[in-house]
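Worksheet: one structure, shown below.
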Amino acid sequence: MSAVDPGPQSDAELAFEGALRPKSLSEFVGQANVRKQLQVLLQAAAMQHRTPDHILLAGPPGLGKTTLAMIVAEESNRPLRMSSGPAIQHAGDLAAVLSSLTPGEVLFIDEIHRMARPAEEMLYLAMEDFRIDIMVGKGAGATSIPLDLAPFTLVGATTRSGLLPNPLRDRFGFTANLEFYATHELEQVLLRAATLLDLQVQPPALREIASRSRGTPRIANRLLRRVRDWALVHGGIADNAAVQAALDLYDVDEDGLDRLDRAVLGAIIERFDGGPVGLSTLAASVGEEQDTIESVVEPFLVRMGLLSRTPRGRIATSTAWRRFGKTPTAPGAPALFDEPV
């Protein structure tokens, strides 16, 4: 077999990727209130023979926003068009997408808060009146030509809803705020994934993986694959010992902290006496980008009660000190802050 032909095993993995996403609200695990609200919204639209209201899905990465968008299209029996905010940087980009939509189509825009401002402003009229204005010509001879659009449902996903302008946020008929998953919910997610993987996993092992998954199904499924790989290579079964060995190998501890999480906490405690320390100084000390620290590492550490964000900078909590086996020092050192803190 040539290097460019991965063979049937790769095809099986691709099939698994598609099968892993639930196809209906009844299959979707967790987010109970959001599922009930979406069910009513979609059923009411079907009974009235109209397109469902525009939907905004907000929440941290990995909680199922893209999956829910696919389910909205599936449950509505409508086609789905997928795009992303960073890909729509000009009003013309959005006009091209909107004008090609078929009646009732579901348009999913991921990271919608990253759309260019001219495109956002065009979206206001499209969402409200299913119409856009196209400018033809330049200067004094420019004219605006109205273009009617087919009725559609916009599903927007954002990890930072605070960055959405109010006029855009207010045009969504329903806003769903997704929350982190409880451990027992992640166990159900993992059980379904293990069944699709044809992997025999003992309940204590599933519970161990779920407890280290940071409340996020995407992370849970990723860790399950690493456990599968470990069991496959070592010729064992996916029991609790295999889970602990595999996740120790990949630097995921019992609370779900990885190498970067521990590096950030260690830098604050050991190099900066517990803080406060500014974002750029902290990022430089661990060799990571500021955006990675702010959007990936900090939310989990704050939620775990290991890190505090103050006007003066980042501070390690007493829980973080004890985790490193150290006694908290009295704050009072000058703030090592910079912009932004």
Side-chain angles (χ1 to χ4, degrees), residues 12-13 15-39 57-71 74-75 157 159 176-234 236-259 261 296 299-306 323:
E13 287 294 316
F16 167 72
E17 289 284 352
L20 197 58
R21 293 185 184 274
K23 299 298 189 296
S24 65
L25 289 173
S26 60
E27 293 181 17
F28 193 91
V29 176
Q31 313 296 339
N33 288 336
V34 171
R35 283 190 289 115
K36 292 177 183 177
Q37 292 162 352
L38 277 176
Q39 190 72 57
L57 304 173
L63 298 188
K65 296 185 291 296
T66 301
T67 299
L68 282 174
M70 294 179 175
I71 288 175
E74 184 72 22
E75 298 257 343
T159 54
N177 293 293
L178 276 61
E179 300 177 349
F180 288 103
Y181 283 57
T183 299
H184 71 275
E185 293 174 329
L186 288 177
E187 288 183 52
Q188 298 177 48
V189 171
L190 288 167
L191 180 60
R192 179 177 181 274
T195 302
L196 293 171
L197 279 171
D198 196 22
L199 178 66
Q200 298 295 324
V201 187
Q202 299 175 356
L206 289 178
R207 194 172 305 114
E208 184 69 24
I209 297 173
S211 67
R212 302 191 189 200
S213 298
R214 305 165 77 119
T216 307
R218 180 182 296 164
I219 295 176
N221 286 326
R222 186 175 72 228
L223 296 182
L224 179 66
R225 294 193 205 188
R226 301 292 72 79
V227 171
R228 176 199 61 178
D229 294 346
W230 194 96
L232 181 65
V233 169
H234 289 81
I237 60 173
D239 56 10
N240 205 40
V243 169
Q244 294 186 11
L247 299 188
D248 287 346
L249 175 65
Y250 289 102
D251 287 329
V252 179
D253 69 15
E254 64 275 6
D255 293 322
L257 272 67
D258 59 19
R259 179 202 60 80
D261 298 323
V296 177
F300 180 63
L301 295 183
V302 170
R303 187 160 58 93
M304 291 289 291
L306 300 171
R323 183 182 181 86

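With contacts defined as side-chain heavy-atom distances shorter than 4.5 Å, the pair Arg323/Asp253 qualifies. A heavy-atom distance below 4.5 Å is found between the side chains of Arg225 and Arg228. Within the 4.5 Å cutoff, side-chain heavy atoms of Thr159 are placed close to those of Lys65. Considering only heavy atoms from C-beta on, Gln31 stays 4.5 Å or farther from Leu57 through its side chain. Residues Arg226 and Leu249 fail the side-chain proximity criterion, which asks for heavy atoms closer than 4.5 Å. At a threshold of 4.5 Å between non-hydrogen side-chain atoms, the residues Leu224 and Leu199 count as touching. Side-chain contact between Pro217 and Leu63 is present, with heavy atoms from C-beta onward closer than 4.5 Å.
Atom CD of Gln244 is surrounded by more than 12 heavy atoms from other residues, nucleotides or ligands within 6.0 Å. Within a 6.0 Å sphere centred on CD of Gln200, heavy atoms belonging to other residues, nucleotides or ligands number 12 at most.
A side chain to side chain contact (heavy atoms under 4.5 Å, CB included) with Glu208 holds for exactly one of Asn240, Thr183, Val201, Leu223; it is Asn240.
What you find for Ala245 and Trp230 is that their closest heavy atoms are CB-CZ2, 3.5 Å. Summarising the geometry of Ala210 relative to Leu186, their closest heavy-atom pair is O-CD1, 3.5 Å, with the distance given to 0.1 Å. The minimum heavy-atom distance between Phe300 and Asp255, with the atom names listed, is CZ-O, 3.3 Å. Closest heavy-atom contact between Arg21 and Lys23: O-NZ, 3.2 Å. When every heavy atom of Val296 is checked against every heavy atom of Arg214, the shortest pair comes out as O-NH2, 3.8 Å. Nearest heavy-atom pair across Arg35 and Leu25 is CD-O, 3.4 Å.
Here CG of Asp251 is found 11.5 Å from CG of Leu257. Values are rounded to the nearest 0.5 Å. Atom CD1 of Ile209 is separated from atom CD1 of Ile219 by 13.0 Å, given to the nearest 0.5 angstrom. If you take CG on Asn33 and CG on Leu178, they are separated by 11.0 Å, rounding to the nearest 0.5 Å. Between atom NE2 of residue His184 and atom OG of residue Ser211 there is a gap of 14.5 Å, rounded to the nearest 0.5 Å. To the nearest 0.5 Å, the span separating CD on Glu254 from CG on Asp248 amounts to 8.5 Å. The CZ atom of Phe28 sits 12.0 Å away from atom CE of Met70, with the distance rounded to the nearest 0.5 Å.
A donor-acceptor pair under 3.5 Å is formed between the side chain of Tyr181 and the backbone N or O of Val29.
Between Arg212 and Asp258 no salt bridge is recorded (no basic side-chain N to carboxylate O distance below 4.0 Å).
For Gln202, the side chain to side chain contact (heavy atoms under 4.5 Å, CB included) partners at least two apart in sequence or on another chain are Pro204, Ile237, Asp239.
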